[in-house]
Amino acid sequence: MSDSKSFFGNPDPIFADKELLRVSHLPQGDRIIGRDDELQSLAKAIKDAQRGGTPNNVLIYGKTGTGKSLCSKYITRDLADAAAENDVKVGIAYVDCFQESTETQTVRTIARSLNDPDQTDVTVPHSGVSTSDYYRRLWDILDSRLDVGIIILDEIDKLDGDNVLMQLSRAAEAGKVNKSTLGIIGISNKIRYKDTLNERVKSSLSERDFVFPPYDAGQLRAILRSRADAFREDVLAEDVIPKVAALAAREHGDARKAIDILRYAGEIADEHGTDTVHVEYVDEAHEREEQARLSELISKQPTHSRYLMLALALRTQETSEETPMIPTKQIYSAYQIVCDREGTEPLKMRRVRDLLSELAFLSLIEQDRKGRGKGKGAHTVNELVDDPELVSEACQSTR
DNA sequence: CCTCCACAGGAATTTGCGGGGT
DNA sequence: ACCCCGCAAATTCCTGTGGAGG
């Protein structure tokens, strides 16, 4: 670094095209590995939309990183292109139900992504209108600029209530839309998800069901190799890809994880200033991936939930017990100190309890109820799932 | 197996925000 | 410019209960 004239002038010694290692990167058709059957079936299920007909509604199951979202996005985009050649307008809405979990948020996101203010005179405000108003606008948008709307609901099991699904699935028959039609692709991690739905929604939503199996080590290797173009020639040591694939295969065949680890391995090599990605870097890359995943999750939490995580982490580090179980009240006092330091008014106890149980739902913490004996009442104790050091680091880095 | 109470958590209510309608 | 709506977040009020010690 020090002897170079420009900070940016040097060619990257490791990466040729790092974009290929971004998980959001949508590969070309021949780059999706080991999902040929699934893509075929999906295509078959929604092919009617190509000529303006109604596609089948689809439910896809499978663990994280098995290519559910990738295949859905790819196949719908392909469909939209093919339809455009027949002068059929297909709109695609992708909703991450983890982030947009309420009915209002979901409908709003769908309406927003299908809308094009230049072509419709409908606006979709961020807030300020009722849920039914969002629906009304969505139907307007569908009728005025599209022939078919395809809605991908990712992590559909995180939706609260099935009202949205009711409304969407009966839109056509209830006469909400006339000129257009719509299809739903639901994606879920839980195979049992279907059982939690009421009959009406169940039969309409799962006209076709698919299960995406985890990738095996061989497929993971193929996936990684297909993205090896991201690296310069000959920088990857012999055993790197097999080792990364083996690590990811052990953790339920998560391709996303595999790709992330590979990218981190490259970054580590870069930091070491070498032009070879050695196998030895893979373990460190694996650690880095776990830390990053934790930071991701924590940074998405609301401010006060992060303060609570920090409070719990600090309190955990203070105690000498091997498995520190911290009562809610103790977290609360630590939390008040954190708030004080940040110059924020602390939330009340009741709200904190709710936030803590949300954190438990996300598996960031674990809760357990304990009694303290006659005349002493009962209370819940909280425990961090991850290393307190890592957690507090993740909390501090988000500002 | 019963007891006892601090805390858990349900329900009702308020607050704050970002918009419509007029 | 004004008032009013619907929603989510937060607060207030309150009853119910988990479970160790007796």
Side-chain angles (χ1 to χ4, degrees), chain A residues 95-115 117 120-141 144 155 158-168 176 297-312 315-316 319 321 323-340 342-384 398:
Chain A
V95 184
D96 180 359
C97 302
F98 184 79
Q99 290 177 63
E100 328 283 348
S101 67
T102 68
E103 184 179 8
T104 320
Q105 288 172 332
T106 311
V107 188
R108 186 207 303 144
T109 314
I110 298 171
R112 289 197 140 234
S113 40
L114 291 182
N115 195 19
T120 59
D121 38 9
V122 187
T123 61
V124 182
H126 168 260
S127 74
V129 297
S130 68
T131 310
S132 56
D133 219 348
Y134 281 122
Y135 279 115
R136 210 198 68 231
R137 287 166 198 236
L138 173 59
W139 310 141
D140 284 351
I141 291 164
S144 63
E155 307 211 48
K158 294 291 186 305
L159 269 183
D160 103 42
D162 37 20
N163 222 323
V164 207
L165 304 176
M166 274 292 242
Q167 297 288 337
L168 292 177
K176 304 280 189 187
L297 193 54
I298 289 180
S299 68
K300 273 194 220 153
Q301 298 309 309
T303 327
H304 286 279
S305 299
R306 291 204 315 265
Y307 291 167
L308 282 167
M309 288 296 288
L310 182 57
L312 179 52
R315 204 64 199 72
T316 304
T319 60
E321 295 165 58
T323 47
M325 311 277 273
I326 314 293
T328 308
K329 223 183 168 187
Q330 284 187 31
I331 299 184
Y332 190 70
S333 35
Y335 158 78
Q336 285 176 311
I337 296 169
V338 173
C339 282
D340 193 47
E342 300 286 334
T344 325
E345 229 11 66
L347 298 174
K348 293 288 185 289
M349 187 63 162
R350 184 63 187 85
R351 183 65 187 142
V352 164
R353 276 194 211 108
D354 280 343
L355 292 181
L356 284 174
S357 57
E358 271 171 41
L359 291 173
F361 179 73
L362 292 170
S363 306
L364 278 168
I365 66 175
E366 267 175 18
Q367 295 188 310
D368 192 17
R369 293 202 75 175
K370 284 266 183 326
R372 288 187 298 193
K374 187 180 164 100
K376 295 266 183 177
H379 66 321
T380 25
V381 289
N382 307 265
E383 189 187 355
L384 275 179
T398 322

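Chain A is the first sequence line, chain B the second, and so forth, proteins listed ahead of strands; every chain is numbered from 1.
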Any idea which of [options] is nearest the [X] side chain?
X: A/Lys374; options: C/dC7, B/dC7, C/dG22; value: C/dG22
X: A/Pro125; options: B/dG20, B/dC7, C/dC13; value: B/dG20
X: A/Ala378; options: C/dA10, C/dG18, B/dC7; value: C/dG18
X: A/Arg372; options: B/dC7, B/dG20, C/dC7; value: B/dC7
X: A/Ser130; options: B/dC7, C/dA9, C/dG6; value: C/dG6
X: A/Thr131; options: C/dT12, C/dG6, C/dG18; value: C/dG6
X: A/Thr104; options: C/dA8, B/dA8, C/dA9; value: C/dA8
X: A/Arg351; options: C/dA10, B/dG20, C/dG18; value: C/dA10
X: A/Lys348; options: B/dC7, C/dA10, C/dT11; value: C/dT11

Without decimals, in angstroms, what is the distance between [X] [atom1] and [N] [atom2]?
X: A/Arg369; N: C/dT17; atom1: CZ; atom2: C1'; value: 6 Å
X: A/Lys329; N: B/dC7; atom1: NZ; atom2: C1'; value: 9 Å
X: A/Asp368; N: B/dC7; atom1: CG; atom2: P; value: 16 Å
X: A/Met349; N: C/dC13; atom1: CE; atom2: P; value: 17 Å
X: A/Ile331; N: B/dC7; atom1: CD1; atom2: C1'; value: 14 Å
X: A/Leu347; N: B/dG16; atom1: CG; atom2: P; value: 14 Å
X: A/Arg353; N: C/dT11; atom1: CZ; atom2: P; value: 13 Å
X: A/Tyr134; N: C/dG6; atom1: OH; atom2: C1'; value: 9 Å

Polar contact flag, side-chain donor to acceptor under 3.5 angstrom, A/Ser130-A/Ser132: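 Short answer, yes.
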
Distance check, rounded to the nearest 0.5 Å: A/Gln367 atom CD versus A/Thr328 atom OG1?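 Reported to 0.5 Å precision, the distance equals 6.5 Å.
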
Nearest-0.5 Å distance that lies between atom CD in A/Gln105 and atom CG in A/Asp96: 11.0 Å

Set out, in order, the CA-CA distance, both residues' side-chain angles and the distance that settles side-chain contact (heavy atoms from CB on, under 4.5 Å) for A/Asn382 and A/Met325, then state yes or no. CA-CA 5 Å; A/Asn382 307 265; A/Met325 311 277 273; over 6 Å; no

Please classify the nucleic acid contact of A/Thr328 as base, sugar-phosphate, or nothing, using heavy-atom distances under 4.0 Å. sugar-phosphate

With a non-hydrogen cut-off below 4.0 angstrom, is A/Gly377 in contact with a base, only sugar-phosphate, or nothing?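 The residue A/Gly377 makes base contact.
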
Is the base of B/dG10 touched by the side chain of A/Arg350 through a donor-acceptor pair closer than 3.5 angstrom?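 For A/Arg350, whose side chain was compared with the base of B/dG10, there is a donor-acceptor pair (under 3.5 Å).
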
Please confirm whether the shortest side-chain N or O distance from A/Thr102 to OP1 or OP2 of C/dC7 is below 4.0 Å.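 So the side-chain polar atoms of A/Thr102 never come under 4.0 Å of the phosphate oxygens OP1 or OP2 of C/dC7.
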
As a quick check of understanding, evaluate side-chain contact (heavy atoms from CB on, under 4.5 Å) for A/Thr303 and A/Arg306, giving each step before the final call. CA-CA 5 Å; A/Thr303 327; A/Arg306 291 204 315 265; 4.0 Å; yes

Quick one: sort the A/Tyr335 and A/Tyr332 rings into parallel, tilted or perpendicular, breaks at 30° and 60°. tilted

